[in-house]
There are 2 protein chains.
Amino acid sequence: MNDYEIEFKNYLKERGLKFTPERALILKAVFSLHKHFDIDQLWEKLHKKDNRLSRATIYRTLPLLLDCNLIQETLRCQGRVRYEHIFGHQHHDHMVCLKCGKVTEFREEKIEKLQEEVCKRYNFKSVEHRLGIRGYCQKCQKKLR
Amino acid sequence: MNDYEIEFKNYLKERGLKFTPERALILKAVFSLHKHFDIDQLWEKLHKKDNRLSRATIYRTLPLLLDCNLIQETLRCQGRVRYEHIFGHQHHDHMVCLKCGKVTEFREEKIEKLQEEVCKRYNFKSVEHRLGIRGYCQKCQKKLR
DNA sequence: TCGTAATTGAGATACAGTCTCAATTATACC
DNA sequence: GGTATAATTGAGACTGTATCTCAATTACGA
């Protein structure tokens, strides 16, 4: 059994919730997809495996996965929410290309530290933060010229 | 006439668009509201002044104001998009309290510079960036205890 | 194995945001 | 000032995403 499956089972058990085949399927799909995904991609993948699985079940399961920190929202782009599985990954920030949609991850330790400093300065207790840079990736810059 | 009105008029003129009373009203409301606002607050304010003004017109005007940099989106919180007027203001980032919704602005020059460095490193041409920190403000931290 | 409360699928519903279209109007040009 | 014309408007229809309802099903503790 995968670590993330154990994690999810524990999370459910603690709350008296059930580990159903549908939830197992969704969990598996989330971690087998490309790291960044949106609901449509997830639904398409799941629909192939079990065409009875309902959209509602996906929408009901995602908040659970968010709540136990197996996944997180990344950027919203063109009205779409994008997710990524983060279990076992370190926090990082994102750059998104406005043309091709490519997502690049980066981590800059100094920025992380400076944010902590800012929070201290304002007596703000940080829970999470998101830094998203929108612009054009190397390839698309060339095309634009 | 206000500076932002001149700005908007020029923007419209350049594109062969019209400066209508409805647009004037929306512009005025945007700058008379608390700096951070959402569509509902804007609609409520406008509805009081002219109850014939349509929601569609607001939705049609906001992209124009965004495009000419008079306003910008800030954070999305609980599915809501929030805007702020930025004309004449310097770029800054946000902290949002998850309990009371209070928005605190901050600017940290070092973070701004580090972001530029990151973009250079990845050959990414930045257009805009958003840094949002979610957590609890000083007051709400006390209440939680 | 059984009882019970959680979960499911399907479709209804809610809601924000967009689109359509006929009527109106701002603006450039005379 | 008058006129032509293309942009704009309001109202309501529509779209698409996400949520809710409810009867039927099912996981899981005892």
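Order of the sequence lines sets the chain letters (A, B, ...), proteins ahead of strands, with each chain counted from 1.
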Sugar-phosphate, base or nothing in reach of A:Lys13, heavy atoms under 4.0 Å: sugar-phosphate

Note: A:Glu108-B:Arg121 ion pair, threshold 4.0 Å (strictly below):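 So A:Glu108 pairs with B:Arg121 through a salt bridge.
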
Aromatic plane relationship, B:Tyr4 with B:Phe31 - under 30° parallel, 30 to 60° tilted, over 60° perpendicular: parallel

B:His85 and B:His89 aromatic ring geometry - parallel, tilted or perpendicular at 30°/60° bounds: tilted

Minimum-distance nucleotide (side-chain atoms of [X] versus [options]):
X	options	answer
A:Ala56	C:dG11, D:dA11, D:dT17	C:dG11
A:Leu17	C:dT7, C:dG11, D:dT8	C:dT7
A:Ile39	D:dC28, D:dA11, D:dA18	D:dA18

Does a nitrogen or oxygen in the side chain of [X] sit under 4.0 Å from OP1 or OP2 of [N]?
X	N	result
B:Thr20	C:dT25	no
B:Tyr59	C:dT18	no
A:Arg23	C:dT7	yes

First of B:Lys18 and B:Arg60 reached from the 5' end of DNA chain C, by closest nucleotide: B:Arg60

Position toward the 5' end of DNA chain C (nearest nucleotide), B:Pro63 or B:Glu22: B:Pro63

Can you tell me the distance, in whole Å, between the [atom1] atom of [X] and the [atom2] atom of [N]?
X	N	atom1	atom2	result
B:His47	D:dA11	NE2	C1'	14 Å
A:Asp40	D:dT15	CG	P	17 Å
B:Arg15	D:dA7	CZ	C1'	15 Å
B:Arg55	D:dA11	CZ	P	13 Å
B:Ile58	D:dG12	CD1	C1'	16 Å
B:Tyr83	C:dA16	OH	C1'	11 Å
B:Asp50	D:dA11	CG	C1'	14 Å
B:Leu42	C:dG17	CG	C1'	15 Å

Side chain to side chain donor-acceptor pair (under 3.5 Å) partner of B:His92, the single match among B:Glu84, B:Arg107, B:Glu112: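 The single option meeting the side chain to side chain donor-acceptor pair (under 3.5 Å) with B:His92 is B:Glu84.
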
Side chain A:Gln141, main chain B:Asn123, donor-acceptor under 3.5 Å: yes

